[in-house]
Protein chains: 4
Amino acid sequence: MTALPPVRLRADARRNRDKIVAAAVHAFTEDGPYLPMEEIARLAGVGVGTLYRHFPDRDALIMAVVQDSLGTMLARARAAAVDEPCAWDALIRSMSGSPEIRLALRLPNLFQPATTEVIRADPEIRRIRGELMAQIDTLVQAAQQEGTLRADVGTGDVVHLFSLLLQGMQKMPREVGEAVYERSCAIVLDGLRTRRGPLLPGGPLTLRDITE
Amino acid sequence: MTALPPVRLRADARRNRDKIVAAAVHAFTEDGPYLPMEEIARLAGVGVGTLYRHFPDRDALIMAVVQDSLGTMLARARAAAVDEPCAWDALIRSMSGSPEIRLALRLPNLFQPATTEVIRADPEIRRIRGELMAQIDTLVQAAQQEGTLRADVGTGDVVHLFSLLLQGMQKMPREVGEAVYERSCAIVLDGLRTRRGPLLPGGPLTLRDITE
Amino acid sequence: MTALPPVRLRADARRNRDKIVAAAVHAFTEDGPYLPMEEIARLAGVGVGTLYRHFPDRDALIMAVVQDSLGTMLARARAAAVDEPCAWDALIRSMSGSPEIRLALRLPNLFQPATTEVIRADPEIRRIRGELMAQIDTLVQAAQQEGTLRADVGTGDVVHLFSLLLQGMQKMPREVGEAVYERSCAIVLDGLRTRRGPLLPGGPLTLRDITE
Amino acid sequence: MTALPPVRLRADARRNRDKIVAAAVHAFTEDGPYLPMEEIARLAGVGVGTLYRHFPDRDALIMAVVQDSLGTMLARARAAAVDEPCAWDALIRSMSGSPEIRLALRLPNLFQPATTEVIRADPEIRRIRGELMAQIDTLVQAAQQEGTLRADVGTGDVVHLFSLLLQGMQKMPREVGEAVYERSCAIVLDGLRTRRGPLLPGGPLTLRDITE
DNA sequence: GATGAATGAGGCTTCATTCAT
DNA sequence: AATGAATGAAGCCTCATTCAT
């Protein structure tokens, strides 16, 4: 049920597979993951038959998209960790930017319960997710040690808030969405900065806390 | 606080209508507004025919639910304004609480574009929405005058953030959802409190800014 | 299954029954017999429940309408036979005029096969039909003896043609329909008048020929 | 003679399309155009989905059937005009024969008002109809000039009468229907032949008179 | 391998009939 | 007895998936 193709594909087949995933990422971002399969095929510029040859059903396609998004986000987070001298900036950069990141952060809210189960069970996705969690965790702790991120939040808190902010951009015209995001993000970042206020209720959330 | 249907209904019909709207509020909150009509009828404990007698199609039902939610939210906001001596508390109370409020705040993200148009065009909904906007606006300004709410945010910013926070509770078991909400809400409130940091980018958002 | 009410009805019930049949005659003439039962009730100014109290299902109502139409047509044909000195004129008058006659003559083409079976089986309808056939038969023979109607046609031929002419008025605005009917009727009457051309193919049709 | 669908179809799709239209012509002739779509599909030997792939809704199918019928009728009328030395015979031949002609002549009475509007609006149908009207008009005038058709009738009168005669065959077993048609047709033709009686009321009907 | 046509299950809606008021 | 609300079977149409070309 994983979408990792077992064997090397012929060059044209590979190209089609990539076109389909790219179209699906885009379509999922705009319209959610339940638009007609024919529509996805059309957007990718292939026939439905081709889509189904690469992905035996909608869940398989969703899985590939999730893998792709999480993988991209992981790569960006690693790059940010390397590039940015300041952990706070690296953290923010990890959470913003490409459509894949937006999609990755919105994943928990995107699917019907049954699909969510299938996604959770996929070993490849578990693996990428685990690495991503570790990477963000590292950044969160670094930011707390450098004194920019308040000490009483966990990775789960941070990810959850960014996830919400990105969801907030949906259903708005691009320009409006971006302005709204900028403002809300600034407010949230103010809330996340080091401060002396009272501790948050409960203990720090892990990523696991908010998804299972 | 539901918008009264134009004519008086027989007692049993009234009861069924209320059961249907209540079931729909609950179902929309859990699963969104596009679950099968038969399922909604089943949850309300009536046949599909009864559902359709009261609401000629899904849009009509959605409209009734939206009116009900916004109406409830308006009533709570007014009550909070009267009860609470402190505008900050009134504001927070206006944004929390019943399923109807949660639903009302999530409305913008809930529907397909076509449905959204229909909702926007409904005069009764426009009326309630207008009154609600005015009420929240009043609370926002009062909170800013009492010095608790930072001066550079608008009603739109506040509503948008609460809307996101409530969306974040979806798809989680109740307990988890509430804990996550508590923490994220505390962070966002810290971000919203009066402070001396730099101004937010752009100008204060109105509610209209984020919905049209 | 007959619609003849077994017992004398209370005056108000009788009135309702008559209103329903009258509304149904009218509605069937305009829209055919398969419009919604609620619509028929509405046109009659009663609730559906009342309609169903008088007629247990659509077929029962149809039966009552058929009885009413055929009965009216029979009465008119008898009156015409008495009033008109010339059989040709009596025949034409028997075939024209009231909505009930128009409906009666269009009956064969109006119903779905299953309904047609039920109508055929009703003893009361068989009785009225039989008397009507006898009456028209008498006029046809009288017209042939007086030398106005060509000798090689039967009652079935005559009834069939008038049935068609009346059907032709449907789906046209009243004025147009009547003008068209006048002209077509004149042409058909020219074809029916005594003349010396070749005999018609086959033998004269009886009413039975065209309905069973 | 069917209006060609805009693009070339795959051989199997073309075959299915033709099977569906043929089945629909047959079914409409027997049962009218409002039998269940599933039934039409079954008669054509395809699944509902296939039917809907070719015709997005019932109206689209009806349109194709109307185009097919009118197109066939036009072809026959032209062939008759060429073949028959006598216009009277050509006219009669144009009005008899195939199921498509029978259907074409019954079209005005077959549909619900809303469907009728849609049909009238279709440009392809307007075009075929226009050519057909012109062709019949020519035959009518030729028959009047050769002295066989009475001079005081118009194309509309002739078409209307044949339309009625063909409607009269419905709802009868084939054999009976044909015998009845033969006789009624002979009577009507006697009425249409040149003669010296009084002129018909009103002026000759054009085709336009009886359909718009 | 790619394509797009065919299939049929499932969701939406109407309406004949039954039943509570 | 009259009313109109409730029910659910049946028709319409869409779309996930399979299969012939």
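Atoms considered below: every heavy atom in the structure, side chains included; atoms not considered: hydrogens, waters and symmetry mates. Reminder, nothing fancy here: chain letters follow the sequence lines and each chain counts from 1.
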- Message: Would you compute the distance between atom CE of B:M63 and atom CZ of B:R58 and round it to the nearest 0.5 angstrom?
- Response: 13.5 Å

- Message: For A:G45 and C:L35, find the nucleotide of DNA chain E closest to each by heavy atoms; which residue's nucleotide sits nearer the 5' end?
- Response: A:G45

- Query: Looking at the side chain of D:V48, which of E:dC12, E:dG8, F:dA5 is the nearest nucleotide?
  - Reply: E:dG8

- Item | Contact list for residues 29-50 of chain C, test side chain to side chain donor-acceptor pair (under 3.5 Å), sequence neighbours left out | C:Y34-C:T115, C:E39-C:R42

- Between which residue ranges does DNA chain E form stems of three or more consecutive Watson-Crick or G-U wobble pairs, both distances under 3.5 Å? E:2-21 with F:2-21

- Gap between atoms CE and P, on D:M37 and F:dC12 respectively (whole Å): 7 Å

- Reckon D:H54 has a side-chain N or O less than 4.0 Å from the OP1 or OP2 of E:dA6? yes

- Message: Measure CZ/C:R42 against C1'/E:dC15 and give the value in whole Å, please.
- Response: 15 Å

- Return the 5'-most residue of the pair D:P36, D:R15 with respect to DNA chain F, ranking by each residue's nearest nucleotide. D:P36

- Separation of D:L61 atom CG from F:dC13 atom P, in whole Å? 11 Å

- Looking only at heavy atoms, what is the nearest atom pair of C:I40 and C:F28, with distance? CD1-CE1, 4.1 Å

- Whole angstrom value for the distance that separates C1' of E:dA2 from CD1 of A:I20: 11 Å

- Nearest to the side chain of B:R58, which nucleotide is it out of E:dA16, E:dA6, E:dT13? E:dT13

- Query: Within less than 4.0 Å of OP1 or OP2 of E:dA2, is there a side-chain N or O belonging to A:N16?
  - Reply: yes

- Message: Can you confirm whether B:V65 sits close enough to B:I62 that some side-chain heavy atom of one is under 4.5 Å from a side-chain heavy atom of the other?
- Response: no

- Item | A:Y52 side-chain N/O to F:dT17 phosphate OP1/OP2 under 4.0 Å | yes

- Message: I'd like to know whether B:D18 forms a salt bridge (Lys or Arg N to Asp or Glu O under 4.0 Å) with B:R14, so could you lay out the CA-CA distance, the side-chain angles of the two residues, the decisive distance to 0.1 Å, and finally the verdict.
- Response: CA-CA 6 Å; B:D18 291 347; B:R14 175 84 227 166; 3.0 Å; yes

- Between A:D12 and D:V46, which has a closest nucleotide on DNA chain E that is more 5'? A:D12

- Message: Can you confirm whether C:L70 sits close enough to C:L107 that some side-chain heavy atom of one is under 4.5 Å from a side-chain heavy atom of the other?
- Response: yes

- Using modelled atom types only, decide if a donor and an acceptor are shared between the side chain of C:R17 and the backbone of C:L51 within a distance under 3.5 Å. no

- Query: For E:dA5, does OP1 or OP2 lie under 4.0 Å from any side-chain N or O of D:T50?
  - Reply: no

- D:R17 CZ - E:dG4 C1' separation (whole Å): 17 Å

- Separation of F:dT14 atom C1' from D:F55 atom CZ, nearest Å, is 18 Å

- Spacing between C:D59 atom CG and E:dA16 atom P, to the nearest angstrom: 12 Å

- Item | Nucleotide nearest D:R53 (side chain, heavy atoms from C-beta), chosen from F:dA2, E:dA5, F:dG4 | E:dA5

- Minimum heavy-atom separation for D:Q167 to C:N109, with atom names? O-ND2, 3.5 Å

- Rounded to whole Å, CD of D:E38 lies from C1' of F:dA10 at a distance of 10 Å

